[in-house]
Amino acid sequence: MKGNNEQDVVLLKGNEAIAKAAYRYGYDAFFGYPITPQSEVLETLAIDKPWETTGMVVLQAESEVASINMVYAAGASGKCSMTSSSSPGVALMQEGISFMAGCGIPGLIVSVGRGGPGLGTIQPGQADYNQAVYGGGNGDYHCIVLAPASVQEMADFMGLAKELMFKWRAVVIILSDGAIGQMMEKVVLPPYQPRRTDEEIRQQCPWATNGLGLPGRKSNIMTSLEMDAPAMEQLNLAMERKYAQIQQEEVRCECIETDDADYVVVAYGISARIAQSAVQRLRKEGVKVGMLRPITLWPFPEQQLQQLGAQCKAILTVEASQGQMVRDVRMAVEGRCPVHFYGRSGGMIPSPTEVYDKLRAIIQ
Amino acid sequence: MKGNNEQDVVLLKGNEAIAKAAYRYGYDAFFGYPITPQSEVLETLAIDKPWETTGMVVLQAESEVASINMVYAAGASGKCSMTSSSSPGVALMQEGISFMAGCGIPGLIVSVGRGGPGLGTIQPGQADYNQAVYGGGNGDYHCIVLAPASVQEMADFMGLAKELMFKWRAVVIILSDGAIGQMMEKVVLPPYQPRRTDEEIRQQCPWATNGLGLPGRKSNIMTSLEMDAPAMEQLNLAMERKYAQIQQEEVRCECIETDDADYVVVAYGISARIAQSAVQRLRKEGVKVGMLRPITLWPFPEQQLQQLGAQCKAILTVEASQGQMVRDVRMAVEGRCPVHFYGRSGGMIPSPTEVYDKLRAIIQ
Amino acid sequence: MAKMKGAIVVDTERCKGCSLCTIACPFKLIRLSPTVNHKGYNFANQIDPELTCTGCTACAVVCPDGCITVYRTQMA
Amino acid sequence: MAKMKGAIVVDTERCKGCSLCTIACPFKLIRLSPTVNHKGYNFANQIDPELTCTGCTACAVVCPDGCITVYRTQMA
Amino acid sequence: MPELTINLKNMTEEIIISGFGGQGVLSMGKIIAYAGIMEDKQVSWMPAYGPEQRGGTANVTVIISDDTICSPILNEFDTAIVLNQPSLDRFEPLVKPGGTIIYDSYGIITPPRRADVTVYCINAMEEAAKMSNAKVFNMLLLGGLLKVRPIATVDDVVRGLRKALPERHHNLIPMNEEAVRRGMDIIRKMN
Amino acid sequence: MPELTINLKNMTEEIIISGFGGQGVLSMGKIIAYAGIMEDKQVSWMPAYGPEQRGGTANVTVIISDDTICSPILNEFDTAIVLNQPSLDRFEPLVKPGGTIIYDSYGIITPPRRADVTVYCINAMEEAAKMSNAKVFNMLLLGGLLKVRPIATVDDVVRGLRKALPERHHNLIPMNEEAVRRGMDIIRKMN
Amino acid sequence: MTREDIIKQENKVAGRPSLMNDMPMHYCPGCSHGVVHKIVAELIDEMNLQDKTIGICPVGCAVFAYRYLDIDWVEAAHGRAPACASALNRLWPEHLVFTYQGDGDLGCIGTAETIHALNRGENITIIFINNAIYGMTGGQMAPTTLMGQKTATCPYGREADLHGYPLHMTDIAATLEGTAYVSRQAVDTVAHIRAAKRAIRKAFENSLAKKGSNLVEIVATCSSGWKLTPAKANEWMAENMLPYYPLGDLKDKA
Amino acid sequence: MTREDIIKQENKVAGRPSLMNDMPMHYCPGCSHGVVHKIVAELIDEMNLQDKTIGICPVGCAVFAYRYLDIDWVEAAHGRAPACASALNRLWPEHLVFTYQGDGDLGCIGTAETIHALNRGENITIIFINNAIYGMTGGQMAPTTLMGQKTATCPYGREADLHGYPLHMTDIAATLEGTAYVSRQAVDTVAHIRAAKRAIRKAFENSLAKKGSNLVEIVATCSSGWKLTPAKANEWMAENMLPYYPLGDLKDKA
Ligand SMILES: Cc1ncc(C[n+]2csc(CCOP(=O)(O)OP(=O)(O)O)c2C)c(N)n1
Ligand SMILES: Cc1ncc(C[n+]2csc(CCOP(=O)(O)OP(=O)(O)O)c2C)c(N)n1
Ligand code: SF4
Ligand code: SF4
Ligand code: SF4
Ligand code: SF4
Ligand code: SF4
Ligand code: SF4
Ligand SMILES: [Mg+2]
Ligand SMILES: [Mg+2]
């Protein structure tokens with residue numbers, strides 16, 4: 001191997017990368033239930049047996065409802081834990097996600113989307129954007145949503161997710177899809193990071209419900225319940241402040257040749273890769289096209305889009321759905337320029353040619 | 001009793017009105033699980049025993065997950081059925097709702113909101129707007145969302161819901177809140193409508209999976225599964241067309257003195273009642289303030305708001321949340337005029353004075 | 001064995017007047033007061049002029065709200 | 001009782017070559033063909049030159065894919 | 001509707017009734033609301049709900065109005081009927097100037113002190129004990145209320161009861177009417 | 001990196017391999033991808049997944065490129081390796097003009113007819129039977145591919161195998177190398 | 001006498017049941033699901049219930065059962081078939097309502113729905129295909145996977161400490177007051193298939209007679225999940241599954 | 001000797017356990033929850049486990065248990081406490097992990113989580129407060145509500161046809177391979193309270209000794225839900241509940 005250290009470059013499915021990155025980044029636990037197209041996450045962990053090496057706990061739960069509540073409790077006690085699932089499985093987690101958000105419990109959900117609604121198809125889809133970004137749990141809350149566009153990012157975002165979930169006491173969702181979950185690419189896996197010791201947890205998570213340090217402190221309680229409405233409102237306002245800060249600090253996106261762009265494509269994940277083909281082709285043809293790829297879907301790169309909205313002649317949003325993120329694009333652009341949409345759904349993925357054609361049609 | 005026929009005017013809680021309207025409108029079944037602040041729906045049905053009169057089935061399910069799947073099957077077989085729940089209970093229904101939407105199964109969910117996230121508080125809240133309007137189930141789908149603002153509307157919308165769910169083979173959500181669920185008001189209950197006979201069901205729901213008419217027809221199958229992505233996409237496109245038609249035909253809202261309004265308050269449900277106090281007060285003070293009360297939250301009165309956006313100096317959205325519907329208002333207004341927000345959350349409800357003050361601040 | 005003498009102290013503001021201690025006491029030494037505490041409950045009171053209480057702790061054991069402290073000593 | 005004669009017809013395009021019928025036949029009259037059907041399966045075939053088959057239906061009963069039709073008649 | 005109209009015209013009366021759970025606070029509110037309906041008024045009845053009322057206080061906001069009722073949840077009231085000290089402590093400051101406070105002396109240790117509201121006392125608990133019928137307690141209170149805030153007639157109350165009560169309890173109506181009238185008698189102005 | 005670079009410069013090769021489940025289609029794709037990695041190329045491997053492959057066809061799209069790979073899912077291919085009739089029927093029209101089709105005659109009843117692509121036949125099934133080792137079937141195919149589309153060297157394949165296979169199977173590598181070389185020998189151009 | 005003399009329409013004694021259509025089944029070769037489908041098709045036909053039956057498919061390999069039997073079907077969400085059946089039983093009391101569920105569907109994610117429907121005594125039949133694995137998703141551990149058995153998610157064999165114990169849902173069902181008939185059967189041999197059919201018939205009859213809930217477990221094979229040939233799978237089942245899940249009626253109220 | 005001679009710190013023989021703080025409990029007068037809280041507080045104290053315990057609260061009247069006992073607590077979603085406990089058991093293997101759940105929480109919405117945690121043999125203790133009703137939400141029917149018993153959702157009494165049968169979760173628990181100790185106790189009398197405490201102690205000890213899962217059911221009262229005085233509630237329980245839910249150990253593996 002040339003450029004890279006041969007030891008570390010491997011060919012992995014996105015789902016496998018998630019699993020291997022999990023124990024390398026020192027995750028404490030995985031709880032999950034099989035569902036296509038992400039079962040390889042649990043299967044890879046089962047084969048690699050990290051419980052014998054890093055001590056990571058791996059448990060096949062009885063359902064997605066159980067999984068998310070295991071993640072809830074694990075996070076409550078200061079552990080770094082995760083689950084993974086796909087569309088209907090994630091739907092079942094909504095109550096648990098809302099509980100986690102309500103308590104400020106760190107945890108990761110890897111959502112490998114297929115085409116919906118209902119059972120739909122198991123082919124790749126991005127129609128779970130609303131599910132991840134707007135939730136479906138009750139109440140005012142947000143999850144930090146990361147959208148990887150490559151197997152490498154599947155691995156890397158496991159590290160980012162760990163950092164963010166503890167920094168903000170937030171639920172992180174890695175919103176992927178069947179294509180990125182199932183495809184293999186080269187990936188450089190991270191070096192092993194040790195799991196945190198009890199002492200580190202005690203110091204870094206003084207709020208955690210694990211008994212450590214008692215009776216030298218008040219007992220820790222992890223609850224989202226507050227019967228007293230004025231007190232509950234204060235909790236909500238504190239959450240709002242946290243969310244506002246996250247929106248300030250954690251927006252991530254990739255801007256490709258947007259500086260001089262007359263037209264910009266907005267796409268994330270697998271659609272971004274596809275759209276990029278079309279953008280490159282048009283650039284070669286001399287059209288000033290750029291691409292904005294949101295990496296965090298929440299917080300959403302609103303400011304960047306506001307700016308592009310003022311600069312561009314038109315924006316095209318491409319999704320493997322009937323149009324979900326496009327609403328956020330429209331909201332950010334607020335009429336500054338037309339926002340078009342191209343999407344495929346039900347397990348179909350837009351093709352580079354389709355995106356090219358759509359862009360050409362807009363340009364004319 | 002004067003204006004009304006004395007027989008029919010009663011004093012009822014919103015939740016009781018839902019229950020009594022259900023069997024009067026000829027609903028076939030209720031499946032539900034207790035949760036504050038809506039347990040009176042099931043309790044009222046248990047007391048009134050409609051199974052002995054109209055034949056309506058009433059069943060306390062083992063959970064909200066079971067409830068929604070009972071509604072799913074009942075609707076699949078052509079029956080008019082419903083459930084009711086509150087915030088975290090509705091979160092648990094998201095998979096089932098997505099399945100219903102995916103199959104085009106008629107059914108009603110009454111969602112009586114409290115303050116969230118998580119367990120939150122049991123006091124009234126409107127922070128489940130996203131949950132109802134954007135779902136949390138997987139895939140591209142919509143539910144028709146009705147927002148009653150009085151006990152009378154709780155009763156009336158039961159009739160409307162029945163009509164809409166069969167007209168469109170759609171999931172209808174009545175999005176109420178703890179205040180409207182718990183408060184008593186005068187209400188005129190509808191006259192008894194008989195439940196449909198088997199023969200009527202056979203004729204009106206030829207798609208229903210109940211065996212009726214076999215072997216004279218192809219067997220009916222109710223499924224959201226379609227492994228073949230191109231076929232699944234066609235199903236999605238057909239759903240999109242249906243949704244577009246619903247957006248054309250079913251938008252409902254109440255416009256109060258908006259014709260000449262310089263300022264408009266947008267609010268639904270309990271917040272609309274409260275905001276109306278403030279609007280009336282300002283009108284008396286000579287300020288040209290109006291109110292738009294969306295009755296359907298989906299489809300959302302976008303056109304009406306576009307128009308008002310062009311006409312007004314500013315729009316104020318009032319919600320008992322940290323701001324959820326306001327996004328849809330912004331999306332519709334698309335920068336035509338400033339959109340402000342006032343909200344209380346966590347079980348707190350905005351007061352007329354607060355809304356008045358906020359409006360005054362905007363006007364200055 | 002020397003005879004035991006007991007006495008109890010009821011946290012009357014905490015007491016909810018459930019009466020379970022009055023039933024549990026083998027000597028029926030506890031009564032609910034006719035007056036109410038701040039929360040509106042007729043709280044429990046030991047009526048034991050003859051020091052019949054043996055400090056058996058039954059009342060404390062059954063009290064759901066942990067309102068009763070029992071003291072016991074050998075009769076002098 | 002008169003002796004029964006049977007014969008089977010295999011829907012070879014439907015057959016998946018699972019071989020369960022070959023095991024179930026008490027007289028081992030069914031074999032999988034060396035050639036494959038369109039789907040690529042070595043389908044089942046009755047090899048019964050001596051008309052040993054009694055039409056007992058065992059093969060049809062066990063066939064998971066309902067590929068076997070059994071005919072039976074009394075020996076003439 | 002002039003033939004039946006009573007003395008409050010174009011009125012809106014915003015009432016809070018608050019006491020311990022089990023004192024009949026909610027059903028008293030309901031009877032008031034029903035009486036309002038008999039006058040063809042708009043009414044709303046909004047309880048404090050949920051488990052926090054367990055053993056604690058119960059309260060209900062009742063609004064009777066000639067106009068559409070906007071908010072059923074209020075921050076201030078025309079009239080407060082308070083049956084114990086915590087309720088008085090909480091709601092005394094929330095009565096509008098010129099408003100009314102009615103309390104039952106049994107549950108009240110420190111009576112209301114505000115000078116800008118009219119304060120009435122009614123010994124309903126005592127009276128109910130005298131009548132050896134705890135059930136009429138809230139009817140006595142209601143009578144007191146109607147005396148000082150004639151938002152409905154006794155007739156309305158009786159008609160309302162007829163609607164509110166299941167047929168099998170209609171035999172209790174005369175006793176209740178009696179209690180309402182008694183309540184009108186025993187209420188006393190305190191300031 | 002000129003010292004090791006082989007004949008395709010600034011190349012992108014988009015390959016579909018399709019056959020029955022169990023024919024080693026997926027792992028063949030993986031070995032090609034690994035060989036690409038050895039050349040420090042970008043690679044992607046995208047299978048058709050899910051239960052519909054049960055008993056049906058399996059296929060995988062492999063892309064080897066000097067550039068970043070945008071879409072791992074393709075509508076047309078440079079090269080198609082097809083191992084049965086349904087696969088040929090499905091993918092023959094999707095090969096780009098000037099592209100390559102490689103088929104194994106065992107599974108193919110009607111061979112490819114397109115004139116604007118180069119068609120190769122390799123009797124890998126037969127050869128594997130001759131070597132009495134069904135496991136080398138896909139290595140033979142791989143050899144054939146490398147012969148006509150030299151996207152990687154045999155050396156790369158061997159190094160790739162070393163990475164792809166668990167240590168305990170490294171003893172099989174020589175046999176596989178042998179099969180690759182054999183595959184290079186037996187592939188025949190058909191048009 | 002020649003084959004041609006025998007193969008005449010009037011001599012037909014066995015074949016695909018008339019309720020089962022031509023659609024080729026998606027199951028792997030030798031899969032037990034197919035056999036059970038046939039039994040069910042025959043019974044509905046024999047009992048003349050085509051227009052009075054509602055079948056409920058699971059999420060699992062049998063998700064497509066609705067393609068093969070010409071009756072009306074509802075496809076339930078994973079594990080929720082018993083909730084669906086409960087609703088249908090109450091709304092269509094004269095109908096035969098049955099669910100068809102795998103071990104993952106019935107005994108894992110659907111544990112609550114299964115137990116509560118049975119304990120409510122819903123007049124339904126649950127057909128429970130126990131193949132000790134998640135067939136559809138590619139061979140993961142099921143609640144019924146045997147100790148030591150290897151699956152995709154316990155590749156070194158099921159261990160109590162890591163994975164807990166196999167769950168005996170049928171035994172639990174038999175203890176519930178709401179169940180009328182609970183039986184465990186298999187479909188590996190002609191005799192077993194005939195017995196299984198008798199059991200399902202009794203269950204259907206009970207359902208129609210409103211005697212309460214009925215559950216028939218079918219100990220089944222999954223050659224793909226087990227990575228065995230269909231023939232070997234039957235053998236493995238007889239050797240390993242049947243001792244652990246012994247056949248017979250566990251409860252018969254009648 | 002006077003009262004004053006007796007009431008001295010050194011003579012104190014019973015009182016509120018030290019782990020139970022001053023916060024007044026929100027329970028109704030006479031509620032069994034309070035008694036069980038005291039037992040649990042005493043045991044954690046006696047076993048010296050304050051810094052090695054994680055308690056898991058249910059959704060139910062005991063939702064606020066976390067306010068009263070000075071240990072670390074996780075408030076679970078309705079029914080999911082056993083899933084929470086499973087995660088915590090595996091991540092904190094040296095800790096005492098226990099759940100405290102009502103009948104609705106454990107035996108209705110949480111049926112699957114309860115059965116699977118127990119059957120996995122998680123080294124946890126489940127304390128199951130069976131008051132045959134939904135206390136918190138205002139007295140609706142629970143899975144354990146007795147036949148004929150009146151609740152807000154079966155106001156004319158529980159009937160099999162409409163509401164199904166009471167569910168015996170503890171009996172099911174005893175049949176599961178993963179459970180080490182399963183017991184049914186009550187807290188209506190001093191003797192029962194002492195026995196209940198012994199049972200919970202054994203369960204705690206088993207959990208720490210990694211012997212498997214433990215479940216202690218407490219047959220309890222809910223005077224508010226039952227609309228009885230606390231004293232009458234105890235009587236009703238003894239007369240009606242105990243015959244149906246008899247006390248004693250159902251399983252003891254040790
Ligand atoms: C909510 C949800 N979770 C998970 C899945 C994925 N899934 C599909 S089938 C299945 C298990 C099937 O196993 P089993 O019930 O034993 O049926 P079998 O295929 O073995 O017949 C799972 C987990 C799903 N579709 N929905
Ligand atoms: C998902 C969900 N469904 C329903 C509820 C409402 N709820 C709160 S407590 C409870 C039942 C409590 O009964 P039980 O578990 O028996 O406890 P108890 O109050 O009797 O001690 C219910 C249904 C909820 N909070 N969350
Ligand atoms: S300690 Fe015993 S004797 Fe004394 S009051 Fe309490 S119960 Fe009665
Ligand atoms: S048992 Fe406790 S709460 Fe009940 S009356 Fe006695 S002291 Fe009061
Ligand atoms: S009918 Fe009987 S004898 Fe004839 S082939 Fe089939 S199994 Fe063999
Ligand atoms: S049992 Fe059926 S599918 Fe299997 S080999 Fe025989 S005929 Fe073919
Ligand atoms: S995977 Fe198993 S259960 Fe599914 S069809 Fe194949 S053999 Fe049958
Ligand atoms: S409602 Fe019942 S369980 Fe809840 S606190 Fe009151 S008595 Fe206890
Ligand atoms: Mg299975
Ligand atoms: Mg209970």
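All values reported here derive from a predicted model rather than from experimental measurement. We name chains A, B, ... by the order of the sequence lines, and we start the count at 1 in each one.
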Distance (rounded to the nearest 0.5 Å) between [X] [atom1] and [Y] [atom2]:
| X | Y | atom1 | atom2 | value |
| --- | --- | --- | --- | --- |
| G:Met20 | D:Asp65 | CE | CG | 8.5 Å |
| D:Tyr71 | G:Glu10 | OH | CD | 10.0 Å |
| G:Asn234 | D:Leu20 | CG | CG | 5.5 Å |

**Prompt:** Who pairs with G:His168 by ring pair (Phe, Tyr, Trp, His ring centres under 6.0 Å), at least two apart in sequence or on another chain?
**Reply:**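 G:His168: ring pair (Phe, Tyr, Trp, His ring centres under 6.0 Å) contacts with G:Tyr244, G:Tyr245.
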
**Request:** Tell me, yes or no, whether the heavy-atom count around D:Lys28 atom NZ, taken from other residues, nucleotides or ligands under 6.0 Å, exceeds 12.
**Result:**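 For D:Lys28, atom NZ is crowded (more than 12 foreign heavy atoms under 6.0 Å).
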
**Asked** Just wondering, are more than 12 heavy atoms of other shown residues or ligands nearer than 6.0 Å to CZ in G:Arg3?
**Response** yes

**Asked** Checking heavy atoms, do the side chain of D:Leu51, its backbone, both or neither come under 4.5 Å from chain G?
**Response** side chain

**Message:** I'd like to know which of G:Ile6, G:Val190, G:Val35 tops the heavy-atom pair count under 4.5 Å against chain D.
**Reply:** G:Ile6

Atom of [X], atom of [Y] and distance for their closest heavy-atom approach:
| X | Y | answer |
| --- | --- | --- |
| D:Thr57 | G:Ala14 | CG2-CB, 3.6 Å |
| D:Arg72 | G:Val13 | NH2-CG1, 3.7 Å |
| G:Tyr27 | D:Lys16 | O-NZ, 2.6 Å |
| D:Gln74 | G:Met1 | O-CE, 3.6 Å |

**Item:** Residue list, salt bridge (Lys or Arg N to Asp or Glu O under 4.0 Å) with G:Glu235, at least two apart or on another chain
**Value:** G:Lys232

**Request:** Would you please name every residue forming a salt bridge (Lys or Arg N to Asp or Glu O under 4.0 Å) with G:Lys38, sequence neighbours left out?
**Result:** none

**Asked** Given G:Arg16 and D:Arg14, is the side chain to side chain contact (heavy atoms under 4.5 Å, CB included) satisfied, shown in steps?
**Response** CA-CA 11 Å; G:Arg16 201 157 64 255; D:Arg14 194 177 170 99; 3.4 Å; yes

Which bit of [X] comes within less than 4.5 Å of chain D, counting heavy atoms only: side chain, backbone, both or neither?
| X | value |
| --- | --- |
| G:Lys197 | neither |
| G:Ser32 | neither |
| G:Ile7 | both |

**Request:** Determine which residues belonging to residues 69-76 of chain G lie within contact range of chain D, meaning some heavy atom pair is under 4.5 Å apart, and list them by number or answer 'none'.
**Result:** none

**Fill in**
Most heavy-atom pairs under 4.5 Å with chain G, out of D:Gly55, D:Ala24, D:Ser19, D:Cys63, belong to D:Cys63

**Asked** Picking from D:Val70, D:Ile23, D:Thr69, which has the most non-hydrogen pairs under 4.5 angstrom with chain G?
**Response** D:Val70

